[in-house]
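Before we start, here is the structure in question, set down as structure tokens.
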Amino acid sequence: MSTVDAIRRSVDIDEFLLRMLENMIWPILLLMSLAIWLVVPRTFTNLRSFEFILHGSVGLGFVALAEAVCLISGHFDLSVGSIAGFSAMLAGLIVSANKWALVSDPFVGVLVILSIGLAVGLVNGVMVGKVGINPFLQTLAFLIILQGAKLSLSTITVTGLPEGYVEIGNSAEISVGLLVLTFVLVGLVMKYTSFGQAIYAVGSDKEAARAVGINTERMIIAVYGISGVLSAAGGLMLTGFISVVPPTIGDELVFPAFAAAVIGGVSLFGGRGKVTGALGGVLLLGVIQAALNISGTPPEQVTLVNGLVLLGAILVYSSRRRLRERILSQQVEPRDYGR
């Protein structure tokens, strides 16, 4: 074998390894599912069990997708869970026959909750993109503000929601189908459109993106607007899943959303990762949560496990990043040697 052929073969192997790292969530999901099946076999007893896991993961799935888009743009959104909860509560009061009863049409109710999420997301985007506030500080402030606003609106569970309004999230077929469709559509937009590629460009290097003519301020505002809509969609699905709006809805969603996106291969530093990988992260968290619930794990231990999962996501990300840098550095050396 000639030196050139050896170099080409080495480069091909490196490219294969890089693709494996980008899609590492799927073998991890397979191995974890196998381990859970061996330890807690009741988690996967029949097709109904799979349906329950998927259905229970829909709300988190939309919020994780919102976080993934933000991360790819080089930003992050600590308020995604609060947007989901606040949007669900405010819209719930608007459509509830037992509360404000301002809207009775389920379709209009859906538009209301998505509009609330869009409005909050755009405010985040303007403050970060136009005003220049640090994303951490801005979204942390909105996390606290929206949680307080949600409790100010109602400290009791909101009931009396229109049947068509809750049916979207209550039906496993509809909610899971919408989640998968949304992930696929967003994935296609991110990969094949100039808008999606501009988001990656802003995440990779904002100054370079601005130099090639991308309006980075508008892109940031758009990203946060999309994040707000997707978060509100998550709130809609959570509402439908339980058919009411409890005061705690949306609480403790932000960290699982981060974990799902990071485990799925989305870079914390922006510009790299696939949104579809976040779906794998959501499924992994859903499988773990189902196993914990079925095994009768106490709530305090569930919180501990969720914290360990988040730590594991960070470790996986760090390991994957180091491996990627090592492969790329090795890839440069043989090419230089071949010259």
For residues Asn170 and His55, report the shortest heavy-atom separation together with the two atoms involved.
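Taking every non-hydrogen atom into account, O-CE1, 3.1 Å.
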Checking Thr276 side chain against Gly187 main chain: does a donor-acceptor pair fall under 3.5 Å?
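No; zero donor-acceptor contacts below 3.5 Å.
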Between Thr155 (side chain) and Leu151 (backbone), is there a donor-acceptor pair under 3.5 Å?
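The answer is no, because no donor-acceptor pair under 3.5 Å joins these two groups.
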Under 4.5 Å between side-chain heavy atoms, hopping through other hydrophobics if needed: is there a path connecting Val244 to Val95?
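Val244 does not cluster with Val95.
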If hydrophobic clusters are built by linking Ile, Leu, Val, Met, Phe, Trp and Tyr wherever their side-chain heavy atoms come under 4.5 Å apart, do Leu283 and Val305 end up in the same one?
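As far as the 4.5 Å side-chain criterion goes, Val305 and Leu283 are connected within one cluster.
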For Ile113 versus Ala232, what's the shortest heavy-atom pair and its separation?
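Ile113 and Ala232 have their closest heavy atoms at O-CB, 3.3 Å.
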Pairs under 3.5 angstrom only: tabulate donor-acceptor contacts from the side chains of residues 24-41 to other protein residues two or more places apart or in another chain.
{"residue": "Ser33", "atom": "OG", "partner": "Leu29", "partner atom": "O", "Å": "2.7"}

Describe, in one word, how the ring planes of Phe52 and Phe241 are oriented to each other, choosing from parallel (under 30°), tilted (30 to 60°) and perpendicular (over 60°).
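Tilted, since the angle between the ring planes falls between 30° and 60°.
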So if you build clusters from Ile, Leu, Val, Met, Phe, Trp, Tyr with side-chain heavy-atom gaps below 4.5 Å, do Leu230 and Phe195 land together?
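Same cluster: Leu230 reaches Phe195 through Ile, Leu, Val, Met, Phe, Trp or Tyr contacts under 4.5 Å.
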Give the minimum heavy-atom separation between Pro247 and Met89, together with the two atoms involved.
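Taking every non-hydrogen atom into account, CA-CE, 3.9 Å.
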Could you pull out the closest heavy-atom pair between Ser227 and Asp77, with the gap in Å?
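Looking at all heavy atoms of both residues, the closest pair is OG-OD2, 3.2 Å.
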Taking transitive links into account, so neighbours of neighbours count too, which hydrophobic residues share a cluster with Leu181 at under 4.5 Å side-chain distance?
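When side chains under 4.5 Å apart are linked, the cluster holding Leu181 also contains Leu185.
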Name each donor-acceptor pair under 3.5 Å that joins a side chain in residues 133-145 to protein atoms two or more places apart or in another chain, with its distance.
{"residue": "Asn134", "atom": "OD1", "partner": "Phe136", "partner atom": "N", "Å": "2.8"}
{"residue": "Asn134", "atom": "OD1", "partner": "Leu137", "partner atom": "N", "Å": "3.4"}
{"residue": "Gln138", "atom": "NE2", "partner": "Asn124", "partner atom": "OD1", "Å": "3.0"}
{"residue": "Thr139", "atom": "OG1", "partner": "Leu78", "partner atom": "N", "Å": "3.2"}
{"residue": "Thr139", "atom": "OG1", "partner": "Pro135", "partner atom": "O", "Å": "2.6"}

Which atom pair, heavy atoms only, marks the closest approach of Val266 to Lys274?
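Scanning both residues, the minimum pair turns out to be CG2-O, 3.8 Å.
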Look at the side chain of Lys150 and the backbone N and O of Ser82, then say whether any donor-acceptor pair between them is shorter than 3.5 Å.
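It does not hold such a pair.
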In one Ile/Leu/Val/Met/Phe/Trp/Tyr side-chain cluster, 4.5 Å: Ile168, Phe107:
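No, Ile168 does not connect to Phe107 through the hydrophobic network.
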Distance from Phe50 atom CZ to Thr43 atom OG1, nearest 0.5 Å?
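Atom-to-atom, Phe50:CZ and Thr43:OG1 are 9.5 Å apart.
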